[in-house]
Amino acid sequence: MADTQVPVDDTPINPVAPPAAEAQSVMTPINMVLLSLFVVLVYLRLRPKPAQVLPKAPAPVVFKTFTPPTLLPYNGENGQPVYLAVRGRVFDVTPGRNFYGPGGPYANFAGRDASRGLACGSFDEDMLTKDLQGPLDKLEDLGDEEMEALMGWEERFSEKYLVVGKLVPVGSDEAKDAES
């Protein structure tokens, strides 16, 4: 007799497949947050940029002849530039307004001839010429050390600031030519 196999129990040979998994919705809260974040990032990346605006150019500076009274208004008040003179050369120290403009430590030199004060290392009012209509200070009574200090200041100003004019006494031929 031939050996035949007989199933021991009555279970079918093909077992029943497990129930099908339910399909998940794509619209979950986390996916909505991620999609919103993606849309915001794409917008920020692709949005039109505002036109670049160049800063306004400063007004051109013309070399001119100053007298002590015509230099005086350039003290930084009322929106004016800040000028000061050293040995007859007038410098535009407006970029250093916090030093030379109103309220600065060198403010008494603004709009004035600062030569004597810089040479002597003094910021006192008595270092300034009182009579603006009179002759310019020739600095003849300064010693070698004081003149050397003044030359150092003048060199520093020359390197850092624009020369915008020269200082001449009231009534000089150059002052008369500048007025006409």
Side-chain angles (χ1 to χ4, degrees), residues 40-41 43-180:
V40 168
L41 290 174
Y43 170 75
L44 291 175
R45 185 77 171 149
L46 298 178
R47 72 178 171 185
K49 305 285 187 252
Q52 294 273 337
V53 177
L54 295 175
K56 185 179 176 185
V61 177
V62 177
F63 189 88
K64 79 188 246 195
T65 303
F66 292 93
T67 61
T70 61
L71 182 61
L72 193 58
Y74 295 95
N75 59 6
E77 293 178 2
N78 302 321
Q80 287 288 335
V82 183
Y83 294 173
L84 64 80
V86 178
R87 290 186 354 117
R89 294 170 59 192
V90 179
F91 293 93
D92 180 359
V93 294
T94 305
R97 179 181 291 275
N98 53 338
F99 291 105
Y100 304 103
Y106 303 97
N108 61 331
F109 293 152
R112 304 293 296 268
D113 182 4
S115 302
R116 181 167 293 277
L118 294 173
C120 296
S122 174
F123 311 118
D124 297 331
E125 289 286 329
D126 62 337
M127 290 287 130
L128 301 172
T129 305
K130 305 284 185 262
D131 182 13
L132 299 181
Q133 301 295 326
L136 296 180
D137 187 355
K138 296 193 188 305
L139 309 171
E140 293 170 343
D141 60 327
L142 295 180
D144 291 340
E145 255 181 55
E146 293 164 326
M147 284 305 290
E148 189 175 320
L150 180 57
M151 298 293 196
W153 277 102
E154 188 176 13
E155 184 178 327
R156 194 169 309 134
F157 282 121
S158 296
E159 292 171 356
K160 196 170 183 179
Y161 302 113
L162 289 175
V163 176
V164 295
K166 66 180 178 176
L167 185 65
V168 298
V170 174
S172 70
D173 290 339
E174 291 177 274
K176 290 175 186 171
D177 290 344
E179 291 173 4
S180 51

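Everything numeric here is computed off the predicted structure, so don't read it as measured data. If you read the sequence from its start, that first residue is 1, and numbering goes on from there.
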* **Residue pair G76 / R97: nearest heavy atoms and the distance that separates them** => O-NH1, 2.9 Å
* Might you confirm whether atom CD of E145 has over 12 heavy atoms from other residues, nucleotides or ligands at distances under 6.0 Å? => no
* Ring geometry between Y161 and Y100 (parallel below 30°, tilted from 30 to 60°, perpendicular above 60°) -> perpendicular
* Would you indicate whether the side-chain heavy atoms of R116 and T129 approach each other to under 4.5 Å? => no
* Structure fact -> In short, V90 meets L167 closest at the heavy-atom pair CG2-N, 3.9 Å
* K138 atom NZ, neighbour heavy-atom count above 12 within 6.0 Å -> no
* Roughly how far apart are L118 CG and L139 CG, rounded to 0.5 Å? -> 10.5 Å
* Looking only at non-hydrogen atoms, find the nearest pair between T67 and V170 and report the distance. => CB-CG2, 3.9 Å
* Asked: Going by heavy atoms in the side chains, are N75 and P102 under 4.5 Å from each other?
  -> no
* So do R112 and L132 actually touch side chain to side chain, heavy atoms under 4.5 Å? -> yes
* To do: Report, as yes or no, whether the 6.0 Å neighbourhood of atom CZ on F63 holds more than 12 heavy atoms from other residues, nucleotides or ligands.
  => yes
* Asked: Quick check: are there more than 12 heavy atoms from other residues, nucleotides or ligands sitting under 6.0 Å from CG of D126?
  -> yes
* Asked: Quick check: are there more than 12 heavy atoms from other residues, nucleotides or ligands sitting under 6.0 Å from CG of D144?
  -> no
* To do: Give a yes or no on whether K49 atom NZ has more than 12 heavy-atom contacts from other residues, nucleotides or ligands under 6.0 Å away.
  => yes
* **Nearest atoms (heavy-atom pairs only) where P135 meets P169** => CA-CB, 4.5 Å
* With sequence neighbours excluded, tell me which residues meet ring-ring contact (aromatic ring centres under 6.0 Å, His included) with F109. => F123
* **Which atom of P105 lies closest to which atom of N108, heavy atoms considered** => O-OD1, 4.4 Å
* Do F157 and L84 have side-chain heavy atoms sitting under 4.5 Å apart? -> yes
* Between R87 and M147, which heavy-atom pair has the shortest distance, and what is it? -> NH1-CE, 4.3 Å
* To do: Determine whether L142 and C120 make a side-chain contact, defined as any pair of heavy atoms from C-beta on separated by less than 4.5 Å.
  => yes
* Atom CG in L72, atom CD in Q80: separation rounded to 0.5 Å? -> 11.0 Å
* Asked: Knowing that exactly one of D92, V62, T94 qualifies, which makes a side-chain contact (heavy atoms from CB on, under 4.5 Å) with V164?
  -> D92
